[in-house]
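Heads up: the structure comes next, in structure tokens.
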2 protein chains.
Amino acid sequence: MTVDADTGGESRVRPATPDVPGAQGSAPPPPGTWSAQNSAGYPSPAGLTADVVVLTVRDGAVRVLALTTDDGRVALPGGFVGAGEDPADTAARKLTEKTGLRDLYLEQLGAFAAPGRDPRGWIPTVAHLALVPADTTPGDPAAAWIDARAAHDWAFDHREILAAALERVEGKLWWSNVCVGVLPGDFALADARAVYDAVARTTYDPGTFARDLRATGLIEPTGEERRAGKGRPAALYRFASREPAWGAGRRKRVKA
Amino acid sequence: MTVDADTGGESRVRPATPDVPGAQGSAPPPPGTWSAQNSAGYPSPAGLTADVVVLTVRDGAVRVLALTTDDGRVALPGGFVGAGEDPADTAARKLTEKTGLRDLYLEQLGAFAAPGRDPRGWIPTVAHLALVPADTTPGDPAAAWIDARAAHDWAFDHREILAAALERVEGKLWWSNVCVGVLPGDFALADARAVYDAVARTTYDPGTFARDLRATGLIEPTGEERRAGKGRPAALYRFASREPAWGAGRRKRVKA
DNA sequence: TAAATAGTGTCTATTAGACAATATTAG
DNA sequence: CTAATATTGTCTAATAGACACTATTTA
């Protein structure tokens, strides 16, 4: 897992279209920057946002849900955290808006609050990670799946956030049920292997993969079979828990 | 570890003495809550804080630096993030204030922003983790080392933050140089073993420990020796890098 | 010398990776 | 039958844990 997000320095700001509520709404935001002050007279953040890195695996590649901004850049879905709202709820709300899905695998990546990260003002963000089924179609016409590992012109510090998300998923792959969000309720080992192959950027041996995934204790057989086309029918499995969970751990290489 | 901090629900709020600048200063804070509004007219956070879980290992136990509040509870050191300041810098500043140390191992744990976590108002915090040498004496007379795994009456959501910190350290123990902050520049393998024993709550075999820690590639011999009292002199080692780094990985049990 | 601490060597059970062999289906 | 896919079994090298053994110091 090898995974944790210590924020390294990366690409910073430049003007961009906001991906937040109110921006496309009634009152247009001030052209320059927003500021805020608290009741004790000190400057305070002009807002708090929650961004979500929505990942899936399709056609053998990890894909991320991205919105295209007016100036042709790409941005992660996200929005302002309301007063009295938990950022995790904001993230879940945004996720439902963009995918129509609920109760997804969602975990926090961390805070991104470097000065100037948002050209509109002092607006820290709490970044989240979500994994959704491969057949999810974006509800928002401005949203599209793009290759998560290809180069893109990300707005804000979203390139940095995406990098943290990928590192997190790779690191947890064999230690947790992080892929529970991508796989359907019932899946064959071959389905799981395709997902793991894509995330780990390798090609696992089918036999060894089956043995090792079972050994994590994270999955259990449903007793059902699935026959798809030619060969022998595949036994179906499900994750023992769809909530985030840790497995027995496999010492696997993630990179080829 | 292998570890990551997905924030689970835990203890929440209750009134407590603030651990932030200005609180003990000239203008006393309003008794109720603080609020804030941005220039677009929306409510915004009343502030952003950075808290630090400062850990060390002493007398075979993991200890955390805690401040005692007026009402007898304990709180993590922390303070308001200034406008234009990076929370990591705030954390480093607070760390220097409380310990007199600089350039320490410091990484972000994540954002804690549950509604009501701070009774003073909407104040999210960015929690950090730092590890410092065992002989560090708190510069602040109100600060003291307490057993990190014993029960304490923590203010705010600091119990939850501390739990995330401990989980992070345990998980990274054999995969990173996370302990670089606790050990001095030159150390014997027995020193390192005492630290690893305390964090992992186990007792490693000296021989196996030496073999496995060397195998991570994270440490290198200095060529020096140290003779302390009775036995054979110990060869000294140093971490190849004092910056956060990942090693080859050891498949170790962290719990006994 | 004995006692104490540091470090090395060796044995075993487990595990990861490769790959051969077998099983079950469609056509 | 053959082709295709699924699953099981086997072999090997690497690794974790236990522990015996050797090395070097002080008293």
Side-chain angles (χ1 to χ4, degrees), chain A residues 1-2 60 170-171 173-175 183 186-197 200-238 247-256, chain B residues 1-2 60 170 173-175 183 186-197 199-238 247-256:
Chain A
M1 39 109 39
T2 303
E170 291 173 12
L173 183 62
W174 279 99
W175 304 85
L183 292 163
D186 288 14
F187 57 88
L189 289 178
D191 302 330
R193 186 160 47 85
V195 171
Y196 277 63
D197 280 355
R201 282 173 288 181
T202 186
T203 304
Y204 291 112
D205 171 80
T208 307
F209 177 85
R211 175 193 67 189
D212 292 346
L213 186 58
R214 276 192 287 248
T216 63
L218 292 168
I219 64 169
E220 58 192 17
T222 66
E224 302 293 311
E225 283 192 342
R226 185 186 64 189
R227 53 201 65 209
K230 310 234 171 146
R232 168 175 170 177
L236 293 179
Y237 291 80
R238 71 169 79 90
R250 300 279 99 189
R251 194 181 159 67
K252 292 283 188 189
R253 329 258 165 257
V254 166
K255 252 190 211 166
Chain B
M1 53 159 52
T2 300
E170 290 173 13
L173 184 62
W174 280 100
W175 304 85
L183 293 162
D186 288 13
F187 57 88
L189 289 178
D191 302 331
R193 186 160 46 85
V195 171
Y196 278 62
D197 279 354
V199 172
R201 283 172 288 180
T202 186
T203 305
Y204 291 111
D205 172 80
T208 307
F209 177 85
R211 175 192 69 189
D212 292 346
L213 185 59
R214 277 192 287 250
T216 64
L218 292 168
I219 64 169
E220 57 191 18
T222 66
E224 303 293 311
E225 283 192 341
R226 184 187 64 189
R227 54 200 65 209
K230 311 240 171 135
R232 168 175 170 177
L236 293 180
Y237 291 80
R238 72 169 77 90
R250 299 279 99 190
R251 192 182 161 66
K252 291 283 188 190
R253 328 258 165 258
V254 165
K255 253 190 210 166

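Below, read A as the first sequence line, B as the second, and so on, with proteins coming before strands; counting in each chain starts at 1.
- Backbone-only engagement by A:Ala190 is indicated by non-hydrogen atom pairs under 4.0 Å involving sugar-phosphate atoms exclusively.
- To the nearest angstrom, P of C:dG7 lies 8 Å from CD of B:Glu225.
- Across all strands shown, B:Arg214 has heavy atoms under 4.0 Å from sugar-phosphate atoms exclusively, and none from any base.
- Computed from coordinates, the A:Tyr204 OH to C:dC19 P distance equals 17 Å when rounded to whole Å.
- Atoms NZ (B:Lys230) and C1' (D:dA23) sit 18 Å apart, rounded to a whole Å.
- If you measure from atom CG of A:Asp212 to atom P of C:dA18, you get 11 Å, rounded to the nearest angstrom.
- By the side chain to side chain contact (heavy atoms under 4.5 Å, CB included) test, A:Pro233 pairs with A:Glu225, A:Arg227, sequence neighbours left out.
- Rounded to whole Å, atom P of D:dA6 lies 13 Å from atom CG of A:Asp205.
- On a pure distance criterion of 3.5 Å, a polar donor-acceptor pair joins the side chain of B:Arg211 and the base of D:dG17.
- Between the CZ atom of B:Phe209 and the C1' atom of C:dT8 there is a distance of 16 Å, rounded to whole Å.
- Atom pair A:Arg227:CZ and C:dA26:P shows a separation of 6 Å (rounding to whole Å applied).
- As rounded to whole Å, 15 Å separates atom C1' of D:dT7 from atom CG of A:Asp191.
- Residues satisfying the salt bridge (charged side-chain N to carboxylate O under 4.0 Å, His left out) test with A:Arg214, not counting sequence neighbours, are none.
- For the ring-ring contact (aromatic ring centres under 6.0 Å, His included) test, residues two or more places apart in sequence or in another chain that qualify with B:Phe187 are B:Phe239.
- With sequence neighbours left out, the side chain to side chain contact (heavy atoms under 4.5 Å, CB included) criterion links B:Ala194 to no other residue.
- Between the side chain of A:Thr208 and the base of C:dA18, at least one donor-acceptor pair of N or O atoms lies under 3.5 Å.
- Contact detail for A:Leu236 and A:Ala188: the closest heavy-atom pair is CD2-N, 3.7 Å.
- Every residue two or more places apart in sequence or in another chain that forms a side chain to side chain contact (heavy atoms under 4.5 Å, CB included) with A:Thr203 is listed here: A:Asp197.
- Residues from residues 231-238 of chain B placing a heavy atom under 4.0 Å of any atom in DNA chain C, listed by number, are B:Gly231, B:Arg232, B:Pro233, B:Ala234, B:Ala235.
- Ring geometry, B:Phe209 versus B:Tyr196: the interplanar angle exceeds 60°, so the pair is classed perpendicular (tilted spans 30 to 60°).
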